[in-house]
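Some notes on the structure that comes next.
Just so you know, ligand 1 is whichever comes first in the structure, and atom 1 is the first atom listed for that ligand. Since the structure is predicted, the reported quantities are computational estimates derived from the model, not experimental observations.
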Amino acid sequence: MGLVVQDPNVGRNGAGAAELVVVANRLPVEHDEVEGWRRAPGGLVSAMDAVLRDREATWVGWGGHPADDPDAAAGGPPERVGTVALVEVPLTAAEVTAHYDGFANRALWPNYHSGIVASTYHRSQFQVHREVNARFARAAAGVAAPGAVVWVHDYQLQLVPAMLRQLRPDLRIGFFLHIPFPPLELFSQIPWRVQIVEGLLGADVVGFQTRDAALNFRRAAERFADVALTAEGLAVGRPPRPVVVRAFPIGIRAADFRALAEDADVQRRAKQVRADVGEPDVLLLGVDRLDYTKGIDVRIQAITELLLDGELDPAGTAFIQVAPPTRAKVEEYQQIRAEVELLVSRANGTLGPLGTNPIHYMHQPMPPEELVALYQAADVMLVTPLRDGMNLVAKEFVASRVDGAGALVLSEFTGAAEQMDRAWLVNPHDIEGMKRTILAAIHEPRASAEARMAALRAGVARHDVHWWAEDFLAAVRGAAAVPGEDAGGTDPA
Ligand code: GDG
């Protein structure tokens, strides 16, 4: 069984000693049979890793191996990574199935992403989800110092803020949702909508990626809880307690991407990438977890039609789609994989002559250097989700274009579109519109393409992950930072 690692900061009198506690479904490490414990992949870890690099903090999360799995990684996760102490919340295999694969990923995830696939609601799964949230709340309560800041992350842990407040009213609690918050009509379908709203309102600050998401939550809170609207957010209960509700659009480690992009080996590799796919005239790129929200299928369809219509030359075009596996136990993810693989093989099989395989599909994770080389090699980056909280890939692509070239085609339904309005914005439901926009991006004159990229790069560099974290933590500490002028830093809703 995975060891429950005790934070060395935990005090003897029951209360902890951690001044900053991060609570997320997963710890920032994962176990690999060959390498042992290593940094876990993913947007949340990569963002928080940068934020916590020089900060003492305690991270509360699940280690990734069921506690009752006989093959569980020996010894459990390390006690600390750099400045961050790790505290594991053990989960059994049945709890992972009900709380994570089930309630989080088959009820909440699809509902919060515009109902792209139908949500399934099971009372037994919600029951487990609530128990797991309570366990996370107890673990956080046990390590936090008096008056500490606790930063709870994402849709799997929305009940934690209220549970934690009940256990430790002295704490300052922030919650950040990495995915969209749905409009009222959709959110209202969830049988436990009241518990979710009340859970989130336990925080002092409830942060979202976009103004629209913050507005949606305010409406839901008005409908399902005892709140009054205020300029800053909401006044909750009696006597009223203020809760800040606003957008804090997440940024990336822009300087790190820039440095990697300036590395000579990475630049050499970018040239080699183009050679590897036959020195095409046009290189298109997509990078997404293989998730049905990401619009990988509509993107392949649009490109295939352009190739079949002759608008793009199959012999002079290459499209690389990186789509590492994700949530492979969930049925809808098996379906999207089958669908994408069918579309790729159908396109490559139809397009001739012999030796022409314009679509290169990589169902495997890439090391970060390879990712940046791909970003640099591409002429056009296609980010076409049907719905996405933010989408870090769009920002990583832009930060990697130290050459000032490259075009970004970006779905209107990403949080990133709210900030990156100089990208080529598309409606991924409109295949014809998407085809026209891809062609326009390919053929845009160099000077205006470079002007777009320069504007995008400036925004991504300024509103990076540190800007995001400082803004959020300042709000939680009660000293709101000066809001960003064009990045949704203030929610006027
Ligand atoms: C959630 C929200 C929000 C992808 N493939 C590889 C790889 N990646 C990295 C990317 C990027 C991250 O994973 C994906 O982040 P996204 O933002 O694109 O999407 P989600 O995973 O759905 O993230 C999203 C985010 O949280 C943060 O708040 O933006 O809306 O859904 O960093 O580079 N990294 C490596 N190899 C890969 O093959 N090394």
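In terms of protein heavy atoms, atom 31 (O) of ligand 1 is closest to Asp388 OD1, 3.4 Å. If you check which protein heavy atom lies closest to atom 2 (C) of ligand 1, you get His178 O, 3.7 Å. Looking only at protein heavy atoms, the nearest one to atom 14 (C) of ligand 1 is Gly43 N, 4.4 Å. At the top of the distance list for atom 32 (O) of ligand 1, counting protein heavy atoms only, stands Glu396 OE2, 2.5 Å. Among all non-hydrogen protein atoms, the one lying nearest atom 5 (N) of ligand 1 is Pro324 CG, 3.5 Å. In this structure, atom 37 (C) of ligand 1 lies nearest to the protein heavy atom Met366 N, 3.4 Å.
In this structure, atom 9 (C) of ligand 1 has no protein heavy-atom contact shorter than 4.0 Å. There is no protein heavy atom less than 4.0 angstrom from atom 23 (O) of ligand 1.
The contact set between ligand 1 and Gly389, taken as ligand atoms under 4.0 Å from a residue heavy atom, comprises 30 (O). Atoms of ligand 1 lying under 4.0 Å from at least one heavy atom of Lys294, given by number and element, are 18 (O), 19 (O), 20 (P), 22 (O). For ligand 1, the atoms closer than 4.0 angstrom to any heavy atom of Val393 are 10 (C), 18 (O).
Close N/O approach between Ser46 and ligand 1 is not found [any backbone or side-chain N/O within under 3.5 Å]. At under 3.5 Å, not a single nitrogen or oxygen of Phe176, backbone or side chain, sits near a nitrogen or oxygen of ligand 1. Distances between N or O atoms of Met390 and those of ligand 1 include at least one value under 3.5 Å. Considering backbone and side-chain atoms together, Ile250 places no N or O closer than 3.5 Å to any N or O of ligand 1. At least one N or O atom of Arg289, backbone or side chain, sits closer than 3.5 Å to an N or O atom of ligand 1. In terms of polar-atom proximity, defined here as any N/O pair under 3.5 Å, Asn391 does make such a contact with ligand 1.
Classification of the Phe257-Tyr375 ring pair by plane angle, with boundaries at 30° and 60°, yields tilted.
Proximity of the aromatic rings of Tyr155 and His178 is defined here by a centroid distance below 6.0 angstrom, and this criterion is not met. In summary, the aromatic rings of Phe103 and Trp192 are positioned with their centroids under 6.0 Å apart. Ring centroids of Trp151 and Phe176 are separated by 6.0 Å or more, keeping the two rings apart.
Heavy-atom distances between Gln209 and ligand 1 reach below 4.0 Å in at least one pair. Residue Trp109 places a heavy atom under 4.0 Å from ligand 1.
Across all non-hydrogen atoms, the minimal contact from Asn111 to Leu186 is ND2-O, 2.9 Å. Of all heavy-atom pairs between Asp291 and Arg327, the closest is OD2-NH1, 3.7 Å.
Between Thr326, Leu44, Leu392, Val287, it is Leu392 that holds the heavy atom closest to atom 17 (O) of ligand 1.
Side-chain contact, Gln321 with Asp288: a donor N or O sits under 3.5 Å from an acceptor N or O. In this model, a donor atom of one side chain and an acceptor atom of the other lie less than 3.5 Å apart for Lys395 and Gln419. Side-chain contact, Asp388 with Asn391: a donor N or O sits under 3.5 Å from an acceptor N or O. Side-chain atoms of Arg299 and Thr384 form a donor-acceptor pair, as typed in the model, at a separation below 3.5 Å.
Between Arg39 and Glu30, none of the side-chain N atoms (NZ, or NE/NH1/NH2) sits under 4.0 Å from a carboxylate O, so this pair counts as no salt bridge.
Put simply, the residue from Val344, Asn348, Leu343 that forms a side-chain contact (heavy atoms from CB on, under 4.5 Å) with Tyr361 is Val344.
In this structure, Arg452 is positioned above the aromatic face of Trp424, its NZ or CZ under 6.0 Å from the six-membered ring centre and within 45° of the axis.
Counting heavy atoms closer than 4.0 Å to ligand 1, residue Leu371 contributes side-chain atoms (C-beta onward) but none from N, CA, C or O.
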